[in-house]
Amino acid sequence: MLRRALPARPEARRILIGTLLSAIGRGLTLPFLFIYLTDVRGLGDARAGLVIGWFGAVTLALSPLGGTLIDRFGARRVVLPCLVVEAIGTGSLALVDSTATAFGVMTLVAIGSSAIWAGQNTILASLTGDGERQRVFGLNFALLNLGIGVGGLISGAVVDVARPVTFQAVYVLDAVSYLMPCLILLTLPHVGHRLAKDRAAGTGAAPGGYLTVLRDRPFRRLVLFGLVLTTCGYAQIEVGFAAYSVRVVEVSPRVVAWALAANTVMIVLSQLLVIRRMEGRSRTGALAAVGAVFATAWLVLGAAGVVGTGNALLAALGVVACSAIFGFGETMLSPVMPALTNALATDELRGRYNAMSSMIFGISGVIGPVTAGPLIGAAHGRLWVAVVVGGCLTASVLALSLRPLLTAAQDGRAAGPVREPEPAHA
């Protein structure tokens with residue numbers, strides 16, 4: 001299954017290696033930023049929260065600009081400097097000693113990260129054919145989670161609040177990891193350039209803009225689906241899921257950590273099998289199934305809240321099961337969402353399409369945490385469960401309404417010949 005999921009072009013395989021290496025570095029620091037800023041650097045909870053929120057706001061604000069630059073100059077000229085800026089910013093976190101420096105460093109990190117996801121997806125799409133793109137995006141997601149899991153295991157055994165140098169070390173290693181995909185891209189001089197036909201035509205910039213993207217009715221529906229699903233799904237993991245598990249189900253934070261580990265294991269073990277089973281099947285049907293799976297996960301968590309302290313073991317198993325079921329839904333979403341985005345995109349506007357797709361997670365990342373707290377505080381958390389379950393099922397309906405707007409090829413149901421991507425030229 002791994003051999004079948006690998007892209008045909010060696011350049012794409014090397015890009016995937018870069019994803020894995022940078023993900024290991026990301027996993028070293030991902031769970032610890034809030035703890036590092038508060039317990040190690042002495043920022044209050046409120047100030048640390050503002051710093052992290054500022055990062056999200058800056059990234060979201062700059063994402064549209066990133067998509068425009070990718071289309072105008074090529075993903076290569078955007079991703080390479082962004083990776084360097086991200087590396088400098090992440091390494092500089094080791095030197096943070098005040099609220100002001102924390103804001104400055106996180107601004108630098110946000111500038112670097114604002115276009116990396118869209119740029120790398122654009123590069124990967126340009127190196128893969130229509131028939132393999134869905135498999136490759138799924139493999140990319142599995143490698144991302146594998147790397148984060150490995151990095152998390154390493155840092156979990158190393159970092160110590162009483163020894164700030166341990167946190168400084170993992171941030172420096174994280175910075176080095178961002179240089180790995182940068183070096184790999186430098187060894188691929190013909191990858192990630194703006195389309196040669198645009199230069200030959202002397203247009204100077206790709207035709208159209210974000211208004212053209214927004215006029216694409218199927219893509220508008222896909223964006224709406226994504227906003228509803230991620231607001232009631234992904235955006236609830238860090239705040240809603242953790243808060244409900246600890247405050248309502250009354251499990252320990254260690255159980256929450258086990259649950260997140262179960263999520264990663266589920267993704268790594270099942271991703272290849274899932275993308276194999278999804279070949280030739282309706283993408284909109286898969287997206288509708290994701291909404292149903294996410295809703296099931298939240299219902300399991302809600303049931304764990306009902307069990308509560310009456311059966312601590314059963315409640316803990318419910319929390320872990322919720323996270324594992326959620327991970328299974330992610331294995332269906334991760335290959336389909338970017339594949340469908342790039343199936344709808346034109347080559348000239350591919351950067352903007354991918355930028356808008358990445359903005360979905362940024363917007364929901366603001367809405368989800370803000371709404372989770374008050375909802376969990378009402379009716380002993382039952383209102384929160386009802387809202388997220390209803391939202392996920394609404395997303396399923398939106399996904400099904402998208403199907404009539406797509407061609408069979410866009411929906412992944414066409415079995416025609418695979419169109420291989422044209423080689424990029426300098």
Side-chain angles (χ1 to χ4, degrees), residues 12 15-27 29-30 55-71 73-87 89-90 106 108-128 133 136-145 147-148 174 177-182 184-185 191-192 210 213 219 222-223 226-227 229-230 233-235 267 330 333-342 344-345 349-366:
I15 294 295
L16 291 176
I17 293 173
T19 295
L20 176 61
L21 294 176
S22 63
I24 293 174
R26 186 75 182 108
T29 60
L30 183 62
F55 163 79
V58 174
T59 302
L60 181 60
L62 293 178
S63 291
L65 176 61
T68 301
L69 294 175
I70 289 168
D71 288 330
F73 300 108
R76 180 186 188 85
R77 294 184 178 180
V78 177
V79 172
L80 282 173
C82 280
L83 286 169
V84 173
V85 171
E86 180 89 349
T90 302
M106 290 307 292
L108 194 62
V109 175
I111 292 172
S113 65
S114 61
I116 290 178
W117 186 256
Q120 290 181 330
N121 274 1
T122 300
I123 291 173
L124 205 53
S126 71
L127 295 172
T128 52
R133 192 169 289 154
V136 173
F137 277 121
L139 179 59
N140 186 64
F141 183 71
L143 292 174
L144 178 68
N145 279 272
I148 289 175
D174 189 10
S177 76
Y178 277 106
L179 297 178
M180 296 299 103
C182 182
I184 289 174
L185 193 54
V191 169
Y210 279 106
V213 176
F219 186 65
L222 180 64
V223 168
L227 283 172
L229 183 74
T230 56
Y234 277 104
I267 292 170
E330 291 179 79
L333 180 66
S334 62
V336 172
M337 193 73 177
L340 184 50
T341 296
N342 283 280
L344 294 171
L349 296 174
R350 196 171 297 280
R352 291 177 174 89
Y353 272 86
N354 281 295
M356 283 203 65
S357 184
S358 68
M359 286 173 63
I360 291 171
F361 293 90
I363 295 171
S364 64
V366 174

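Being a predicted model, the structure only gives us computed values, none of them experimental.
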> Got Gln120 and Pro181 here, is their nearest side-chain heavy-atom distance under 4.5 Å?
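In contact.
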
> Scan Val84, Val78, Leu80 and name whichever one has a side chain to side chain contact (heavy atoms under 4.5 Å, CB included) with Cys82.
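It is Val78; the other options fail the test.
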
> About how many Å separate CD1 of Ile363 and CG of Leu60, when rounded to the nearest 0.5 Å?
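Interatomic distance, Leu60 CG to Ile363 CD1, rounded to 0.5 Å: 5.5 Å.
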
> Between Ser113 and Glu86, is the side-chain contact (heavy atoms from CB on, under 4.5 Å) condition met? List the steps.
CA-CA 6 Å; Ser113 65; Glu86 180 89 349; 3.3 Å; yes

> What closest approach, in Å, do Arg76 and Pro81 show between heavy atoms, and which atom pair accounts for it?
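Result for this residue pair: O-CD, 4.2 Å.
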
> Which atom pair, heavy atoms only, marks the closest approach of Leu179 to Ala87?
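Between these two residues, the closest heavy atoms are CD2-CB, 3.8 Å.
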
> Closest approach of Leu139 and Leu16, non-hydrogen atoms and distance?
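What the structure gives for the nearest pair is CD2-CD1, 3.8 Å.
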
> Hey, could you give me the OG/CE distance between Ser63 and Met359, rounded to the nearest 0.5 Å?
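Those atoms lie 6.0 Å apart.
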
> List for me each residue that meets side chain to side chain donor-acceptor pair (under 3.5 Å) alongside Ser177, sequence neighbours excluded, and say none if there are none.
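Listed in chain order: Asp174.
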
> Any sub-3.5 Å donor-acceptor pair from Arg26's side-chain atoms to Leu144's backbone N or O?
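Answer holds: no.
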
> Supply the atom-to-atom distance Leu143 CG to Ile15 CD1, rounded to the nearest 0.5 angstrom.
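Nearest 0.5 Å value for the CG-CD1 distance: 12.5 Å.
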
> Quick one: CG on Leu83 to OH on Tyr178, what's the gap to the nearest 0.5 Å?
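These two atoms lie 9.0 Å from each other.
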
> First locate atom OG1 of Thr122, then atom CG of Leu349, and finally report the distance between them rounded to the nearest 0.5 Å.
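Taking OG1 in Thr122 and CG in Leu349, the distance rounds to 11.0 Å.
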
> Below 4.5 Å, heavy atoms only, C-beta onward: do Met337 and Leu222 meet side chain to side chain?
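In contact.
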
> State, with a plain yes or no, whether a side-chain heavy atom of Leu229 is found less than 4.5 Å away from one of Leu333.
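With C-beta onward as the side chain, the pair touches.
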
> Taking only residues two or more places apart in sequence or in another chain, which ones pass ring-ring contact (aromatic ring centres under 6.0 Å, His included) with Tyr353?
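Expected list: Phe219.
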
> Restricting to non-hydrogen atoms, name the atom on Ala118 and the atom on Gly351 that form the minimum distance, rounded to 0.1 Å.
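Nearest heavy atoms, Ala118 then Gly351: CB-O, 4.4 Å.
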
> Give, for atom CG of Asp71 and atom OH of Tyr210, the distance between the pair rounded to the nearest 0.5 Å.
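Rounded to the nearest 0.5 Å, the CG-OH separation comes to 7.5 Å.
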
> What residues form a side chain to side chain donor-acceptor pair (under 3.5 Å) with Asn342, not counting sequence neighbours?
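In terms of side chain to side chain donor-acceptor pair (under 3.5 Å), with neighbours along the sequence ignored, Asn342 is linked to Arg350, Asn354.
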
> Determine the minimum heavy-atom distance between Ala12 and Thr128, stating which atoms define it.
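That would be CB-CG2, 4.5 Å.
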
> Are the side chains of Trp117 and Ser357 in contact, using a 4.5 Å heavy-atom criterion?
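No, too far: nothing below the 4.5 Å cut-off.
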
> Over all heavy atoms of both residues, which pair between Arg133 and Ala125 is shortest? Give the atoms and the distance, please.
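Distance-wise, the nearest heavy atoms are NH2-O, 2.9 Å.
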
> Sub-3.5 Å donor-acceptor pair from the side chain of Ser126 to the main-chain atoms of Ile123, do we have one?
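Between the backbone of Ile123 and the side chain of Ser126 there is a qualifying donor-acceptor contact (under 3.5 Å).
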
